[in-house]
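Beneath this line is the structure, given in structure tokens, with notes to follow.
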Number of protein chains: 2
Amino acid sequence: MKQATKETLLSVAIELFAEYGYDKVSIRDIAEKAKANSSMISYYFGSKQNLYDAALEKQAGNLQEFLSPSTVALSPQKILQLYADTLQEIHEKNPTLMKFICWEFKTPSAHPETFIKQRLKRVYELISQAISRGIDDGSFREDLDIHSTAIVLAGIVNFYYISRDLRTRISSVADNDECYMKQAMKIFFDGIKRRQL
Amino acid sequence: MKQATKETLLSVAIELFAEYGYDKVSIRDIAEKAKANSSMISYYFGSKQNLYDAALEKQAGNLQEFLSPSTVALSPQKILQLYADTLQEIHEKNPTLMKFICWEFKTPSAHPETFIKQRLKRVYELISQAISRGIDDGSFREDLDIHSTAIVLAGIVNFYYISRDLRTRISSVADNDECYMKQAMKIFFDGIKRRQL
DNA sequence: GTCTATATTGCGATAGAC
DNA sequence: GTCTATCGCAATATAGAC
């Protein structure tokens, strides 16, 4: 009945895996920081891998908002903007999720079919459809390649967060999330907008 | 005198580290694939970490071209386009370098001050200056934030490669590097271009 | 230079007392 | 549920023969 230990282990695992990645974190590290015994991880989760998966899935719930059924009813521009806003919000409220996704980028083979990948797939489809509709209704350029445009948007929004750690080491310029996203989306929308002749 | 073993170990190390990352590759894996004894790694490089650093630095030489002194003399547009072209070329000719850089994005703390980071810093400065000059000479929008614009460009160009492994699992759309880069840079340049009133 | 053999460490996992 | 103790394994690194 005392599941406090399980919860603590999970939240510590999320914290440490997000920061250092799967390989660099031992179950002993997690147990120590959670003030629990390392054998409790086997007891509650079965294995280190299962604990990681549990951590990943718990974080994945945060992509829910963007994927709500009402999203598809929005205009193409609104959907693309919502994607950017949602990622910005997720990062503010829960930076660890982005860390997990980044780790997945790096070692995709580690966890073949996770919940998070299914979510990402849905996100990609939503964006692609929005771009396609935007072209059809005349608001975006006709010569846009849908796949490429989707990657450009994803790159603009995600690279900022993916590269943050490295950037702060290289450059002395301080980040301003609000400012970046506004500037970036202006460039993006100006770049895909249909020109008046 | 017979340094063939050393060279083989290094090239195998580059291959394996790029593919699986530092943690997932053991010195035994490297030695086996190089048909050498694992103790040869200590003999030639001292440690696994030193071998990794050697692999990283050897790869970093490939960023040279973009950083040649003649680059700074080009027009802002040309410099930004050259950045995209160079990364595309690097990836085609030497995909392992990009893998290394991707690993550095994920675990930047692992190797505090590497050669590669100095190169990246120089690249960032070149791009920033190009954007700044483009604003001054009236070819780019005046309201551009230099830092944000530089990250947008870097994101557009790099995210495509960073995300490739994961994307191919999620989406069935085949990549076409040439097509992507052309589309992406058109969006980018249209997005930062100064509008005629 | 290259090999075998081994020292040493740290890992994930589990058995079993309480 | 939680602990101690330990097993079994794989890793890096090294000592020493050749």
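Atom set for the values below is all heavy atoms of this structure, side chains included, hydrogens, waters and symmetry mates excluded. We name chains A, B, ... by the order of the sequence lines, and we start the count at 1 in each one.
- Between the CD atom of B:E32 and the P atom of D:dA11 there is a distance of 11 Å, given to the nearest Å.
- With sequence neighbours excluded, the residues that form a salt bridge (Lys or Arg N to Asp or Glu O under 4.0 Å) with A:D23 are B:K24.
- If you measure from atom CZ of B:F45 to atom P of D:dA13, you get 13 Å, rounded to the nearest angstrom.
- Listed by chain and residue number, A:L120, A:K121, B:L166 satisfy the side-chain contact (heavy atoms from CB on, under 4.5 Å) test with B:I170 (two or more places apart in sequence, or in another chain).
- By the salt bridge (Lys or Arg N to Asp or Glu O under 4.0 Å) test, A:E19 pairs with no residue at all, sequence neighbours left out.
- Using a 4.5 Å heavy-atom threshold, the side chains of B:M185 and B:L153 count as touching.
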Protein proximity profile, nucleotides 11-18 of chain C - base contact B, sugar-phosphate-only contact S, no contact -, cut-off 4.0 Å on heavy atoms = BBBB----
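- In this entry the distance linking NZ of A:K24 with C1' of C:dG10 reads 14 Å, nearest Å.
- The OH atom of B:Y44 sits 17 Å away from the P atom of D:dT14 (whole-angstrom rounding).
- Phosphate contact (OP1/OP2 of C:dG1, side-chain N/O of B:T5, threshold under 4.0 Å): absent.
- Under the side-chain contact (heavy atoms from CB on, under 4.5 Å) criterion, A:K182 pairs with no residue, sequence neighbours left out.
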Sequence neighbours left out, cut at 3.5 Å: what donor-acceptor pairs do the side chains of residues 34-41 of chain B make with other protein atoms?
from  : atom 1 : to    : atom 2 : distance (Å)
B:N37 : OD1    : B:S39 : N      : 2.9
B:N37 : OD1    : B:S39 : OG     : 2.7

